[in-house]
Amino acid sequence: MNINFKKIEEKWQKRWEEAEIFNANPDNREKFFITAAFPYLNGVLHAGHLRTFTIPEVMARYQRMKDKNVLWTFGYHVTGTPILGLAELIKKKDEKTIWAYTNLHKVPKEDLLNLTTPEKIVEYFSKKAEEAFKKAGFSLDWRRQFTTNDEEFKKFIIWQFHKLKEKGLIVKGSHPVRYCPSCDNPVEDHDLLEGEDSTIVEYILIKFKMGDIYLPAATLRPETVFGVVNLWVNPNEDYVKVKVYDEEKKSEEIWILSKKAMNKLIHQNKKFEILEEFKGEKLVNLRAINPITNKEVPILPAEFVKTTVGTGIVMSVPAHAPYDYIALKDLNKLDEVGIIPLIKVPGYSEYPAKDVVEKYKIKSQKDVENLEKATKEVYKAEFHKGVLNENCKEYAGYKVREIKDKLTNDLIKKGYAEVMYEFSVERVRCRCGAECVVKLVKDQWFIKYSDKKWKELAHKCVDRMNFIPENYKKIFHEMIDWMKDKACVRRRGLGTKFPFEDGWIIESLSDSTIYPAYYTIVKYIKEHNIKAEQLTNELFDYIFLGKGDIEEIAKTTNIDKEVIENMRNEFIYYYPVDWRCSAKDLVPNHLTFYIFNHVAIFPEEFWPRGIVVNGYVTIENQKLSKSKGPLLPILEVVEKYGADVGRFYIATAAEIPQDADIKFSTLEKTKQFLERFYLLAKEIIDMKDNKESYIDKWLLSRINLHIKEYKNYMDNFELRKAGILIYEFLEDLRWYKRRGGNNKEILIKFIETLTLLLAPFTPHICEEIWEMLGKEGFVSLAKLPEVGEIDEEILKGEEYLKRLIEDIKEIIEVAKIKPNKIYIYTAEDWKCEVCEIVNKNRDKNVREIMKEIMKDERFRKKGKEISKLLNTIIKINAIPLDEEKILSQNKEFLEKEFNAEIVINGEDKGNKKRFAIPMKPAIYIE
RNA sequence: GCAGGGGUCGCCAAGCCUGGCCAAAGGCGCCGGACUUAAGAUCCGGUCCCGAAGGGGUUCCGGGGUUCAAAUCCCCGCCCCUGCACCA
């Protein structure tokens with residue numbers, strides 16, 4: 001029973017292409033614009049792409065069958081550094097790269113060694129991607145393809161940046177990066193030997209004063225500044241007195257801090273001139289003034305002070321920091337310097353630090369293990385539940401977590417404090433072996449995502465958008481709140497030249513935010529051979545914003561007025577994007593930028609309408625990896641299992657938000673399933689009989705019920721549920737046959753429906769069957785079936801029979817009887833009446849239903865019995881049915897099933913009749 | 001740390017929002033049967049424990065609670081995964 005899927009697929013792909021049926025042009029139908037985040041082309045399309053792209057592909061086909069005018073297309077992302085880096089690695093014949101690309105990406109070695117420039121790589125992999133899309137049967141409009149390195153597209157990006165700049169959203173500033181001083185370069189995760197998962201943490205330096213000298217105390221808890229009773233230094237470490245020049249503030253000050261800290265701050269916009277070097281002990285017992293409280297405090301020695309973190313100067317807050325508390329006790333100074341409570345925390349005394357030191361039985365500052373635990377506990381409790389007390393001046397009464405940011409900003413604004421960046425882990429090392437530092441990059445260009453007004457617009461957009469799954473609405477709101485300014489230019493890589501300063505290239509996440517708009521017009525640019533230099537800012541203003549004088553623009557750009565008008569109209573027709581689909585990794589970056597940039601540039605009617613976020617893909621429980629594998633290229637799936645199999649499997653392997661695990665054995669099963677479907681269709685088409693029977697109506701009802709459910713599922717992107725429904729169809733067919741159904745007319749309707757519903761998932765095999773059914777035209781363009789009559793009673797009747805069969809079977813098995821005669825007794829009338837009352841009061845709860853029943857005096861007499869009955873009726877969800885009629889109609893069927901005589905409501909054998917309940921008849925077997 | 005997702009009867013995985021057709025769908029695996037020369041495929045049945053009458057018992061990470069009724073709602077705790085940006 002080998003079916004040549006490959007041949008079928010090629011046949012239909014060719015026909016689709018010849019007929020150009022997926023090319024989209026505006027007309028008077030309702031439009032549907034769906035997009036997926038385009039792929040980055042530093043390799044072949046793999047199983048992850050297959051999932052993320054099959055979701056919109058299936059949806060595009062579904063909507064097309066709902067008679068929508070669907071725009072569905074793709075571009076390629078090529079800007080940035082990875083492709084550049086790949087070209088260099090290939091040129092160098094890097095062993096690991098060669099291995100990965102020949103074995104995982106399946107690039108023949110002779111081809112691979114040729115890919116020594118970014119341009120060649122883009123050309124090669126874009127061809128491969130196109131081949132993969134085509135062989136997977138994607139219904140794309142191929143006239144709209146482009147890459148982000150096309151000169152025409154770059155003009156679009158330049159226009160976008162002008163729009164942002166006009167609104168004041170492109171700004172210059174500095175920002176911290178991980179940096180290797182030895183390589184003199186920022187380092188990315190994969191450049192690191194150690195400390196890959198480190199993040200950059202902001203320490204606050206509170207500048208204590210000693211005359212005109214500052215001692216910057218580094219802290220993560222600036223809110224405790226009100227409770228400082230002394231400062232700590234490490235007596236054995238090296239400290240320096242320095243002249244500090246701040247390059248940003250252009251100011252000069254004298255500081256004392258550890259030598260190590262100075263060496264770090266060199267990278268953070270500061271220049272130093274050493275005036276004096278000494279050991280920490282020299283500072284001991286000097287006094288310094290807290291700039292916030294003006295309180296003078298002594299400087300004391302402590303060994304726990306590390307100079308690898310912070311400045312080597314630490315504020316001491318014994319009420320809330322276990323280290324400080326125990327160190328003061330060690331020195332026997334606690335009484336002398338005092339202890340100031342600041343934060344009230346439920347479950348702790350005035351001095352939480354004291355509580356935990358006692359709780360963990362900490363005896364000295366050398367007990368680091370317990371001190372860490374204690375510190376964590378106090379910090380957590382105080383941050384989450386703590387409220388600042390009256391010692392905290394204007395911040396009194398606020399919760400720590402609410403006021404912390406404001407307090408910090410206030411301190412900085414007033415000049416009492418500065419920011420110092422540190423890694424979250426102690427050691428971060430570059431591949432070259434050198435220790436990395438946090439460097440503050442100067443004169444960097446940013447997109448000002450921190451802008452409050454901008455954020456408000458983004459929130460407004462999110463409020464109106466649809467999200468699949470729904471909880472992403474909340475997540476996007478949070479993303480918008482957390483968004484900081486993003487550096488938008490780089491020195492290296494492919495991409496658009498930054499229009500406002502030479503030497504920069506627009507960073508690749510920033511050049512891919514509003515490109516779906518470009519899809520709507522790129523076909524005109526290609527068709528009319530429009531050159532990059534013709535694509536002026538004024539032209540884009542007109543097309544996307546309706547601004548400017550078209551006559552003028554036509555003249556200056558030398559583009560036909562009509563063409564410009566068409567572009568404008570096509571944009572208006574298809575925009576906004578109805579759904580944007582992506583895997584969840586793009587949520588905190590691309591998808592959020594997508595929203596931001598749309599609301600900044602376009603009027604409200606063109607803001608995004610919806611986002612679909614899908615989970616990841618694993619293969620036999622292994623994460624995908626472009627460099628280590630597994631990868632499973634789309635082309636390999638298509639080759640080994642067939643396009644339809646791959647599509648159906650991946651689209652239904654998991655619900656959208658869940659991660660999907662690809663299992664080869666299940667893929668194999670899917671293949672068998674599709675083969676069965678095809679053979680079944682063939683069998684039905686070849687049928688000669690046309691026997692009508694009672695069960696026909698049941699099957700029709702089931703078909704209609706499934707059509708209805710299918711549409712509900714598909715409209716909500718519940719592809720897995722829609723897929724499972726297809727299997728239910730086959731189960732229905734089994735029951736239909738078992739009940740003696742064999743009506744060709746009905747079965748043709750059955751297979752026709754199934755073909756239509758499967759077509760978005762498995763279009764090739766469906767086209768083939770559609771043709772076998774003698775239908776005109778492509779199933780891809782056919783209309784979905786309407787929902788016909790659903791006869792609830794006949795559905796319930798069959799369900800009743802199924803349940804009865806189950807019951808009888810169970811008795812036979814447990815009692816180990818071989819039945820000769822089966823007696824079936826339906827419930828007495830009064831029980832059916834109760835059942836009816838229950839069904840009429842579905843919306844009420846049990847107690848209320850009981851009240852309703854007890855209105856009748858006859859029932860009141862049977863109080864106890866009724867309450868039991870009521871529970872059972874609810875539990876088995878019984879509805880009133882003419883059971884006796886169903887039984888007698890199907891007596892023959894039951895007799896055949898059990899090979900025994902069936903007696904309906906006959907002599908009460910074994911005193912069983914009294915057990916009968918609506919939809920659960922009593923049974924006696926002999 | 002912050003945020004999000006998750007822990008279900010061998011495995012995978014529904015259900016949870018909207019409590020009661022939930023001993024809990026479906027698939028895989030396993031066991032038995034039909035078909036077949038055989039294999040595969042397909043079909044029928046079984047797969048927590050007990051049971052010679054459709055029943056009973058014990059289950060949905062652990063512990064409390066709400067309710068006539070909890071896998072589902074609430075509280076506390078444990079464990080796992082992902083993201084935290086300048087990188088596509």
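Here is the naming used below: chain letters follow the sequence lines, and residue numbers restart at 1 for every chain.
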NA contact type, A/M483, heavy-atom cut-off 4.0 Å: base, sugar-phosphate, or nothing? base

I want to verify a distance call: between B/G55, B/U82, B/C12, whose nearest atom is closest to the A/K623 side chain? B/U82

Please give the nucleotide sitting opposite B/C73 as a Watson-Crick or G-U wobble pair, both distances under 3.5 Å, or none. B/G65

Between A/F673 and A/Y727, ring centroids under 6.0 Å: yes

By nearest atom, which of the nucleotides B/G54, B/A53, B/C86 is closest to the A/Y924 side chain? B/A53

Please measure how far the C1' atom in B/C61 lies from the corresponding atom in B/G7, and state the result in whole Å. 6 Å

Gap in Å between the two C1' atoms, one belonging to B/U58 and one to B/G51, rounded: 15 Å

Across all strands shown, which nucleotide pairs with B/G29 by Watson-Crick or G-U wobble geometry, both distances under 3.5 Å? B/U47

Looking at A/F423 and A/V201, what are the two nearest heavy atoms and their distance? C-CG2, 4.2 Å

Just checking A/N911: base, sugar-phosphate only, or nothing, at a heavy-atom cut-off of under 4.0 Å? nothing

If you find the nucleotide of RNA chain B closest to A/P921 and the one closest to A/I200, which residue's nucleotide is nearer the 5' end? A/P921

Measure from the side-chain heavy atoms of A/K912 and tell me the nearest of B/G54, B/G15, B/A85. B/G54

Which nucleotide in the list B/A85, B/A53, B/C86 gets nearest to the side chain of A/K486? B/C86

Send over the distance from A/N621 CG to B/C28 C1', rounded to a whole Å. 13 Å

Just name whichever nucleotide pairs with B/A53, Watson-Crick or G-U, keeping both distances under 3.5 Å, else none. none

How about A/L680 and A/L733: do any of their side-chain heavy atoms sit closer than 4.5 Å? yes

Could one point to a donor on the side chain of A/D807 or the base of B/A53 with an acceptor on the other under 3.5 Å away? no

Between B/A53, B/G83, B/A85, which one does the side chain of A/P588 approach most closely? B/G83

Measure NZ/A/K484 against C1'/B/G83 and give the value in whole Å, please. 14 Å

Regarding A/D511 and A/T148, is there a side-chain donor-to-acceptor distance under 3.5 Å anywhere? no

Pick the nucleotide of RNA chain B nearest each of A/N589 and A/E731; which residue has the one closer to the 5' end? A/E731

So A/A922, base contact, sugar-phosphate only, or nothing? Heavy-atom distance under 4.0 Å. base

May I have the distance from A/I811 (atom CD1) to B/A53 (atom P), rounded to whole angstrom? 10 Å

Taking any heavy-atom pair under 4.0 Å as a contact, classify A/K909: base, sugar-phosphate, or nothing. nothing

Pairwise P distance for B/A13 and B/G57, with rounding to whole Å: 32 Å

Before giving the answer on side chain to side chain contact (heavy atoms under 4.5 Å, CB included), spell out for A/D485 and A/H175 the whole-Å C-alpha distance, their side-chain angles and the decisive distance to 0.1 Å. CA-CA 9 Å; A/D485 292 348; A/H175 82 295; over 6 Å; no

Between B/G54, B/A53, B/G15, spot the one nearest the side chain of A/I925, thanks. B/A53

Side-chain heavy atoms of A/F898 within contact of A/I805, under 4.5 Å: yes

Would you measure the distance from the P atom in B/A39 across to the matching atom in B/C31 and give it in whole Å? 14 Å

The side chain of A/E799 is closest to which nucleotide in this list: B/C86, B/C21, B/G4? B/C21

Have a look at A/L586 and say if it touches a base, only the backbone sugar-phosphate, or nothing, with a 4.0 Å heavy-atom cut-off. nothing

Would you say A/N597 and A/Y449 are linked by a side-chain donor-acceptor pair, where the criterion is simply a distance under 3.5 Å? yes

Mate of B/U42 where both pairing distances stay under 3.5 Å, Watson-Crick or G-U: B/A34

What nucleic acid atoms does A/I724 come within less than 4.0 Å of, heavy atoms only: base, sugar-phosphate, or nothing? nothing

Is any side-chain heavy atom of A/Y825 closer than 4.5 Å to one of A/F915? no

With rounding to the closest Å, how many angstrom separate the P atoms on B/A71 and B/A23? 9 Å

Charged N to carboxylate O under 4.0 angstrom, A/K721 versus A/E709? no

Starting the side chain at C-beta, find the nucleotide from B/G4, B/A53, B/A88 nearest to A/E507. B/A88

If you measure from the C1' atom in B/A85 to the same atom in B/A3, how many Å do you get, rounded? 14 Å

Contact class for A/P469 (heavy atom, under 4.0 Å): base, sugar-phosphate, or nothing? nothing

Tell me whether the OP1 or OP2 atom of B/G4 has a side-chain N or O from A/K474 closer than 4.0 Å. yes

In whole angstroms, the gap separating C1' of B/A13 from CD of A/Q658 amounts to 9 Å

My understanding is that a pair needs two contacts under 3.5 Å, Watson-Crick or G-U wobble. By that rule, which nucleotide pairs with B/A13? none

Counter-base of B/U82, judged by Watson-Crick or G-U geometry with both distances under 3.5 Å: B/A3

B/A88 phosphate, OP1 or OP2, under 4.0 Å from A/S508 side-chain N/O: yes

Does the side chain of A/H320 pick up a donor-acceptor pair with the side chain of A/T224 at under 3.5 Å? no

Identify whether any heavy atom of A/T81 sits under 4.0 Å from a base atom; if not, whether one sits that close to sugar-phosphate; answer base, sugar-phosphate or nothing. sugar-phosphate

Whether A/E806 and A/K809 form a salt bridge (side-chain N of Lys/Arg under 4.0 Å from carboxylate O of Asp/Glu) is what I want to check. no

Length of the CG-P vector between A/D481 and B/C84, whole Å: 18 Å

Looking only at the side chain of A/N471 (C-beta and beyond, no hydrogens), which of the listed nucleotides B/G4, B/C21, B/A52 gets closest? B/G4

Would you tabulate the nitrogen or oxygen pairs shorter than 3.5 Å linking the protein to nucleotides 42-46 of chain B?
{"from": "B/C43", "atom 1": "OP1", "to": "A/R734", "atom 2": "NH1", "distance (Å)": "2.5"}
{"from": "B/C44", "atom 1": "OP1", "to": "A/R734", "atom 2": "NE", "distance (Å)": "3.2"}
{"from": "B/G45", "atom 1": "OP1", "to": "A/K809", "atom 2": "NZ", "distance (Å)": "3.4"}

Would you mind reading off the distance between A/R803 atom CZ and B/G54 atom C1', rounded to a whole angstrom? 13 Å

Side chain of A/V814, heavy atoms from C-beta onward: which of B/G51, B/C86, B/A85 has the nearest atom to it? B/G51

Applying a 4.0 Å non-hydrogen cut-off, can you work out what A/H77 is touching in the nucleic acid: base, sugar-phosphate, or nothing? sugar-phosphate

Are any of the side-chain nitrogens in A/E798 or A/R739 under 4.0 Å away from the carboxylate oxygens of its partner? yes

From CG of A/L591 over to C1' of B/A88, roughly how many Å is that when rounded to an integer? 13 Å

Give the rounded distance in Å between these two atoms: CG of A/L730 and P of B/G26. 15 Å

Please measure how far the P atom in B/C35 lies from the corresponding atom in B/C30, and state the result in whole Å. 22 Å

Looking only at atom C1', what distance separates B/G15 and B/C49, rounded to whole Å? 24 Å

